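Computed from heavy atoms alone, side chains included, the values below leave out hydrogens, waters and symmetry copies. Chain naming here is simple, since letters A, B, ... match the order of the sequence lines and numbering starts at 1 in each. Bear in mind that the values here come from a model prediction, so they are computed numbers and not experimental data.
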Amino acid sequence: MILSLSELYEILSQAYGKQHWWPIVQGGVSLYLEEYSQRERTPQEALEIWIGAILTQNTTWKNVEKALTTLKEKDVLSVEGLLNCSEEGLARMIRPVGYYMQKAKKIHVSMRFLATYLHGNPCEMRSWSLAEARHALLSLWGIGPETADSILLYALGFPVFVVDAYTRRILECLGYEEASAPYERLQHLFHQKLAPDVHLYQEYHALFVAVGKTCGKKPRCSFCPLSSWCRKSQENVLAGVERSPLQERMDKKS
DNA sequence: CGCCAGGTTGTTG
DNA sequence: CAACAACATGGC
């Protein structure tokens, strides 16, 4: 039998502990505070999460941290502040995240939306229905399903499950047929099997990222808490796919 | 030097 | 609708 989604959560939760997502950047470092799960995000925090969700598209968080730090130093991490920057100027400030021209434009599009429909306050979206809010986000250029759901779940506190590349990879390793299904179908699987609990969804997605880092395209099965349930683990050990850094150097020489 | 990272959009069969 | 290119920096 394959692991149920509830069992999977328990295993990851015990292996990695509380993740306290989504982080807020302060003094150049990311803070993962317990209080985030005990109160609603402030408008300022919600905006930072919104921007961060765009910046982190196909990029490491470390680079997003740098960009957010620069935006704070320049004191432009606000709807008005960002709209007062030219897209070129904004692009320069977020350069480390890559795709900076596109992302600068994406940020402007979102900020114009916030200024026009929400008085510049993302938290006002909490009075919308989940369906309306999600539809509005997806209509914005630069916001796809994962970014929309990250904003809904982490900035606004809607009970939506965030699906990402790691989610697919892990589920595939565990033998789930749905792993390659379209985004909404995979999301439906989680909504169907788990209670609509915001805190659970926030932690669960963060845990997928945590375990996903040990199970990249270079699997490190010996450090993975899922190895005994994982299809690939056995194959990798037998086929010698998992290499130590030393072995990898040897491979390159020959 | 090559591959990859908490995706999205536009183009093509 | 699936497959693919383009977008681009930083870390290992």
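Within the structure, every side-chain polar atom (N or O) of Tyr100(A) is placed at least 4.0 Å from both OP1 and OP2 of dC7(C). Lys62(A) has no side-chain polar atom (N or O) that falls below the 4.0 Å cut-off from OP1 or OP2 of dC4(B).
At a threshold of 4.5 Å between side-chain heavy atoms, the hydrophobic network of Ile, Leu, Val, Met, Phe, Trp and Tyr places Leu12(A) and Phe223(A) in two separate groups.
The shortest heavy-atom contact between Ala91(A) and Met101(A) is CB-SD, 3.8 Å.
Across the C1' atoms, dG6(B) and dA3(C) are found 23 Å apart, a figure rounded to whole Å. Comparing the C1' positions of dG2(B) and dA8(C) gives an interatomic distance of 15 Å, to the nearest angstrom.
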(request) Begin from the C-alpha positions of Tyr9(A) and Tyr204(A) and carry the test ring-ring contact (aromatic ring centres under 6.0 Å, His included) through to its verdict. (result) CA-CA 6 Å; Tyr9(A) 176 76; Tyr204(A) 206 153; 5.1 Å; yes

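For the pair Arg168(A) CZ and dA2(C) P, the computed distance is 10 Å after rounding to whole Å. At whole-Å resolution of the value, CG in Leu55(A) and P in dA5(B) are 18 Å apart. Look at CD on Glu65(A): it is 11 Å from P on dG11(C), rounded to the nearest Å. The CZ atom of Arg185(A) sits 16 Å away from the C1' atom of dA2(C) (whole-angstrom rounding). One can place NZ of Lys103(A) at 11 Å from P of dG6(B), the figure rounded to the nearest angstrom. Atom pair Ile49(A):CD1 and dG6(B):P shows a separation of 18 Å (rounding to whole Å applied).
Residues Arg169(A) and Phe208(A) form no side-chain contact, since every pair of their non-hydrogen atoms from C-beta on lies 4.5 Å or further apart.
DNA chain C is contacted by both Pro96(A) and Pro182(A); Pro182(A) maps to the nucleotide lying nearer its 5′ end (nearest heavy atom per residue).
The Lys213(A) side chain lies nearest to dG6(B) when the options are dG6(B), dT9(C), dA5(B).
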(message) For nucleotides 7-13 of chain B, give me one character per nucleotide, 5' to 3': B if any protein heavy atom sits under 4.0 Å from the base, S if the only such contacts are to the sugar-phosphate, - if neither.
(response) BSSS---

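Note that CD1 of Ile51(A) is 9.0 Å distant from CD1 of Ile94(A), once rounded to the nearest 0.5 Å.
Formation of a donor-acceptor pair under 3.5 Å by the Gln202(A) side chain with backbone atoms of Leu153(A) is found in this model.
A donor-acceptor pair shorter than 3.5 Å cannot be found between the side chains of Glu203(A) and Ser13(A).
Of the nucleotides present, dT11(B) is the one that pairs with dA3(C) by Watson-Crick or G-U wobble criteria, both distances under 3.5 Å.
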